[in-house]
Student: 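Below: one structure in structure tokens.
All values below were derived from every heavy atom in this structure, side-chain atoms included, with hydrogens, water molecules and symmetry-related copies excluded. Below, chains carry the letters A, B, ... as their sequence lines are ordered, and counting in each starts from 1.
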Amino acid sequence: MKPARTRFAPSPTGYLHVGGIRTALFAWLVARQTGGQFVLRFEDTDKKREVEGAREHLIKSLRVLGLDYDEGPDIGGPYGPYTQSERLDHYKKWAQKLVDMGRAYADPFAPEEVQAFREQAQKEKKPFLYRNHRPENPPAWDGTQPLRFKSEPKAYQWHDEVMGDLSTGPEVIDDFILIKSDGYPTYNFAHVIDDLEMEITHIIRGQEFIASQPNYLNLYEALGIERPHIATVPHIMGPDGKKKLSKRDGAKDVLDYVRDGFLPESLVSFIATMGWNDGTEQEIFTKDELVQKFRLSRVQKSGARFDEQRLVWMNGHYIRQMSLDDLFQKVSDYWPKEAADASDNYKKSVLALVQERLKFFSELPELTSFFFTDLPVNPELVSGHKQLKKVDSGEIKSLLEQARETIASSDFSAEDLQERLNKLLESTGQKPAVLFSLVRIATTQAPASPGLADTLAVLGKEVSLRRIDAMLQTL
RNA sequence: GGCCCCUUCGUCUAGCGGUCCAGGACUCCGGGUUCUCAGUCCGGCAAUCGCGGGUUCGAAUCCCGCAGGGGUCACCA
């Protein structure tokens, strides 16, 4: 495969959600698997929509997920600058060329007049085409009017790497605006020029551009540009499956997932497999495998719904596979406050017990807080327990006292604790559901915890007995 | 409304004319793992392949209609 130059060209108008990052990921994968370059470009030609801090946020999102780019606004490159507002002279030059060729002209109408044309078309239930109103003798372009492309309507067919062969009739071709009256180019013009000058070979973008693709083809011809590869990826749909995933509907910033302790590896694998698979039954891919196996032609044509449950599952899967040391390093910022004074060794032994229960890092406090602090005695854990509530309180107290006694004589290895608890089970004739639950509740005061013997062993003798005593006082 | 695209279990999907009365994964349900939660193992529910015609000995797979959904018709990208 020839080295591909792909780009991700967001406008700095906000954060990136999983839908946006997917487009970037696909472009990155194509560049990496062909040994080409991945380019970041900011499309900031609409100053009104720009959001403060969005650029840094976008860059951080890509970095965090490991989608490194070879050229971009902050790192430069041979085709810079990589920010459209800094490339105005490029667009002017090409615009002038089109004017000279007779393929661009000044739009003499006031915005209200164009709007009136549009409404008229709407009333007649017809699509609006500016070229139906193309002026016969447009004024010379002085930069204060919008500059429009003089299109040559015709039917087009083209190949889309994802969608397959597409075609449209001449009725979709129109005289779109190249340069706005504020001097900035439109997306429609700027991206064509940039992709040309930056020698982009594969344009990978969202579905919303499929309808304007023939117009770009028309412009390519006017400019004598060879068609790049085009790939249109469908939108990720929101949970209702009807509309595309949007920030309005609560689509989370990918950085929020990272902050919640989702691993970049699992996010990447999850996002890649939303609407793509390699044809086998493999469900989870490393980044290297994706680079090797990803194919635009195997991207689904229809939009996939965003299923957070699947992401949670996948992240848990990754966490379980990690080495304890690796995991320990990564969760360092997620421990409960009460763990501040705990030793690394202690925290590591706690982590070993919860590793297989952890789905994402921010769950760590709720899973482990009782390892670091004595939770208040909660009588409801007994009164609401389906087995314990059937046992009378005298019996409970007696059982707990006996448990205290056997535990007290243990060396507090998990094995010894287990052995002694088993013996107590025999001597009291109790069901584990009663005895073990009782001890577990007494020593953790938590609705759920890891296995009893393991938990006790980590808590240690002093803490375990202290908590049992506290509980006994309330009985 | 015009144009374009899409349509397989609740969800993500496999499937490119016979091996599919449709396979996998997530979710859900049941059981095992001496207590809970999670994990794990075993098992289960779940798509008459949007609908209707055709082509064919044979269709989820090809063709034609229809319906539903999405996109677009901006001096937004």
Student: What is the pairing partner of B/rU19, taking Watson-Crick or G-U wobble pairs with both distances under 3.5 Å in any strand?
Tutor: none
Student: Could you check how far CG of A/D46 sits from P of B/rC75, rounded to whole Å?
Tutor: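 From A/D46 CG to B/rC75 P: 12 Å.
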Student: Provide the distance between the two P atoms, one in B/rG43 and one in B/rU7, to the nearest whole Å.
Tutor: 33 Å
Student: Taking atom types as modelled, find out whether A/Q84 and A/H191 have a side-chain donor-acceptor pair closer than 3.5 angstrom.
Tutor: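 There is no such pair (donor and acceptor under 3.5 Å, judged by atom type) between the side chains of A/Q84 and A/H191.
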Student: Applying side-chain hydrogen bond (donor to acceptor under 3.5 Å, both in side chains), can you list everything that pairs with A/E50, at least two apart in sequence or on another chain?
Tutor: A/R55
Student: Taking only the P atom of each, what is the distance from B/rC28 to B/rC64 in whole angstrom?
Tutor: 43 Å
Student: Reading nucleotides 60-73 of chain B from the 5' end, what letters show protein touch, with B for base, S for backbone sugar-phosphate only, - for no heavy atom under 4.0 Å?
Tutor: ----------SSSB
Student: Just verifying a value: how many Å separate A/R131 CZ and A/K150 NZ, rounded to the nearest 0.5 Å?
Tutor: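 Here the rounded value is 13.0 Å.
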Student: Check whether the side chains of A/N218 and A/S151 place a donor and an acceptor atom closer than 3.5 Å, and report yes or no.
Tutor: no
Student: Would you kindly give the CZ-to-P distance between A/R440 and B/rA38, to the nearest whole Å?
Tutor: 12 Å
Student: Just jot down the side-chain contact (heavy atoms from CB on, under 4.5 Å) partners of A/P127, sequence neighbours excluded, or say none.
Tutor: none
Student: Which residues within residues 145-174 of chain A lie with some heavy atom under 4.0 Å of an atom in RNA chain B?
Tutor: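 RNA chain B contact set from residues 145-174 of chain A: A/P146, A/R148, A/M163, A/L166, A/S167, A/T168, A/E171, A/V172.
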Student: Suppose the criterion is side chain to side chain donor-acceptor pair (under 3.5 Å): which pairs have a residue in residues 363-376 of chain A, not counting sequence neighbours?
Tutor: A/D374-A/R466, A/D374-A/R467
Student: Rounded to whole angstrom units, what separation is found between the OH atom of A/Y187 and the C1' atom of B/rA74?
Tutor: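 One finds 15 Å between C1' of B/rA74 and OH of A/Y187, rounded.
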Student: Report, as yes or no, whether the 6.0 Å neighbourhood of atom CD on A/E405 holds more than 12 heavy atoms from other residues, nucleotides or ligands.
Tutor: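 Check fails, neighbour count at 12 or below.
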Student: Has A/K48 got a side-chain N or O lying under 4.0 Å from the OP1 or OP2 atom of B/rC76?
Tutor: yes
Student: Which base sits across from B/rC28 as a Watson-Crick or G-U pair, both distances under 3.5 Å?
Tutor: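 For B/rC28, the partner nucleotide comes out as B/rG44, under the 3.5 Å rule.
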Student: B/rC51 and B/rC4: how far apart are their P atoms, nearest whole angstrom?
Tutor: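 Here B/rC51 and B/rC4 have their P atoms 25 Å from each other.
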Student: At under 4.0 Å between heavy atoms, which parts of nucleotides 22-31 of chain B does protein reach? Answer with one letter per nucleotide, 5' to 3': B base, S sugar-phosphate only, - none.
Tutor: -SBBSS----
Student: Are A/R310 and A/E283 close enough for a salt bridge, meaning some N to O gap below 4.0 Å?
Tutor: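 A salt bridge is present here (some side-chain N lies under 4.0 Å from a carboxylate O).
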Student: What pairs with A/E308 under side-chain contact (heavy atoms from CB on, under 4.5 Å), at least two apart in sequence or on another chain?
Tutor: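 A/K252, A/Y257, A/F306.
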Student: Could you please spell out the steps behind the side-chain contact (heavy atoms from CB on, under 4.5 Å) verdict for A/Y91 and A/D194?
Tutor: CA-CA 9 Å; A/Y91 312 126; A/D194 290 340; 2.8 Å; yes
Student: Can you sort out which residues in residues 9-22 of chain A have a heavy atom within less than 4.0 Å of RNA chain B? Ascending by number, please.
Tutor: A/S11
Student: Side chains of A/Q282 and A/K293: is there a donor and an acceptor less than 3.5 Å apart?
Tutor: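 Result is yes, a qualifying pair exists.
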Student: What about A/W158 and A/Y216, are their ring centers closer than 6.0 Å?
Tutor: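 No.
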Student: Mind listing the residues from residues 374-392 of chain A sitting with a heavy atom below 4.0 Å of RNA chain B? Number order is fine.
Tutor: none
Student: May I ask you to say what A/T273 touches in the nucleic acid, namely base, sugar-phosphate or nothing, with a heavy-atom cut-off under 4.0 Å?
Tutor: sugar-phosphate
Student: Could you tell me whether the phosphate oxygens of B/rG15, OP1 or OP2, come under 4.0 Å of any side-chain nitrogen or oxygen in A/R298?
Tutor: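 For B/rG15, OP1 or OP2 has a side-chain N or O of A/R298 closer than 4.0 Å.
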Student: Want to settle it: does A/N188 or A/A304 sit nearer the 5' end of RNA chain B, counting the closest nucleotide to each?
Tutor: A/A304
Student: Within the pair A/N277 and B/rU13, is there a side-chain N or O less than 4.0 Å away from OP1 or OP2?
Tutor: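 No, no such contact exists.
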Student: Under a 3.5 Å cut-off for both contacts, is B/rG1 paired Watson-Crick or G-U wobble with anything, and if yes, with which nucleotide?
Tutor: B/rC73
Student: Does A/S181 contact B/rC75 through a side-chain donor or acceptor facing the base, at a distance under 3.5 Å?
Tutor: yes
Student: Do A/T406 and A/Q402 meet the criterion of a side-chain donor-acceptor pair at a distance under 3.5 Å?
Tutor: no
Student: Under 6.0 Å between ring centres, would you say that holds for A/Y187 and A/F209?
Tutor: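 Yes, they do, as the ring centres are separated by less than 6.0 Å.
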Student: Is it possible for you to check whether A/R227 lies under 6.0 Å from the centre of the six-membered ring of A/Y220, through NZ or CZ, and within 45° of that ring's axis?
Tutor: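 Judged by the rule (NZ or CZ under 6.0 Å from the ring centre, within 45° of its axis), A/R227 is not positioned above A/Y220.
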Student: According to the Watson-Crick and G-U wobble definitions, with both distances under 3.5 Å, which nucleotide is paired to B/rC9?
Tutor: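 Across all strands, not a single nucleotide pairs with B/rC9.
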Student: Could you tell me the Watson-Crick or G-U partner of B/rU33, where both distances fall under 3.5 Å? Say none if there is no partner.
Tutor: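 Answer to the pairing question: B/rG39, which forms a Watson-Crick or G-U pair with B/rU33.
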Student: Please report the distance, rounded to the nearest Å, between CZ in A/F306 and C1' in B/rU13.
Tutor: 17 Å
Student: Pairing check on B/rC51: which nucleotide meets the Watson-Crick or G-U wobble criteria with it, both distances under 3.5 Å?
Tutor: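 B/rG65 - that is the nucleotide pairing with B/rC51, both distances being under 3.5 Å.
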Student: Using the P atoms only, state how far B/rC42 lies from B/rA47, rounded to an integer number of Å.
Tutor: 24 Å
Student: Indicate whether OP1 or OP2 belonging to B/rA74 is found under 4.0 Å from a side-chain N or O atom of A/K180.
Tutor: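 Answer no for this pair, as no side-chain N or O of A/K180 is under 4.0 Å from OP1 or OP2.
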Student: Whole angstrom is fine here: how far is it from CZ in A/R49 over to C1' in B/rC75?
Tutor: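 Roughly 13 Å, once rounded to whole Å.
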Student: Tell me every residue that passes ring pair (Phe, Tyr, Trp, His ring centres under 6.0 Å) with A/F26, counting only those two or more places apart in sequence or in another chain.
Tutor: A/F294
Student: Counting only side-chain N and O atoms of A/R320, is one of them less than 4.0 Å from OP1 or OP2 of B/rU40?
Tutor: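 For B/rU40, OP1 or OP2 has a side-chain N or O of A/R320 closer than 4.0 Å.
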Student: Which residue in the set A/V458, A/T455, A/L364 passes side chain to side chain contact (heavy atoms under 4.5 Å, CB included) when paired with A/V350?
Tutor: A/V458
Student: Could you check whether A/Q213 gets within reach of a base, just the sugar-phosphate, or nothing at all, counting any heavy atom under 4.0 Å?
Tutor: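 A/Q213: no heavy atom of the nucleic acid under 4.0 Å.
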Student: Side-chain N or O of A/R305 versus OP1/OP2 of B/rU11: is the shortest distance under 4.0 Å?
Tutor: yes
Student: Name all residues meeting the side-chain hydrogen bond (donor to acceptor under 3.5 Å, both in side chains) criterion together with A/S323; count only those two or more places apart in sequence or in a different chain, and write none if there are none.
Tutor: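 Scan of A/S323 (side-chain hydrogen bond (donor to acceptor under 3.5 Å, both in side chains), adjacent residues dropped) gives none.
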Student: Separation of A/E119 atom CD from B/rA74 atom C1', in whole Å?
Tutor: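 Roughly 13 Å, once rounded to whole Å.
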Student: Step through the shown structure and confirm whether more than 12 heavy atoms of other residues, nucleotides or ligands are within 6.0 Å of CD on A/E124.
Tutor: yes
Student: Please give, in whole Å, the distance from B/rA74 C1' to A/N215 CG?
Tutor: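 From A/N215 CG to B/rA74 C1': 13 Å.
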Student: Quote, to the nearest angstrom, the C1' distance that separates B/rC16 from B/rU8.
Tutor: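 That atom pair is separated by 14 Å.
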Student: Please report the distance, rounded to the nearest Å, between CG in A/D107 and C1' in B/rC75.
Tutor: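 Rounded to whole Å, this separation is 9 Å.
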Student: OG1 of A/T13 to CG of A/L58: how many Å apart, nearest 0.5 Å?
Tutor: 8.0 Å
Student: B/rA14 phosphate, OP1 or OP2: any side-chain N/O from A/Q300 under 4.0 angstrom?
Tutor: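 Checking B/rA14 against A/Q300, a side-chain N or O does come within under 4.0 Å of OP1 or OP2.
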Student: Does anything in residues 443-459 of chain A reach RNA chain B, meaning a heavy atom under 4.0 Å, and if so which residues?
Tutor: A/P447, A/A448, A/S449, A/P450, A/G451, A/L452
Student: Does the side chain of A/D175 come under 3.5 Å of the side chain of A/Y105 through a donor N or O and an acceptor N or O?
Tutor: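 Checked: A/D175/A/Y105 side chains pair up, N/O donor to acceptor below 3.5 Å.
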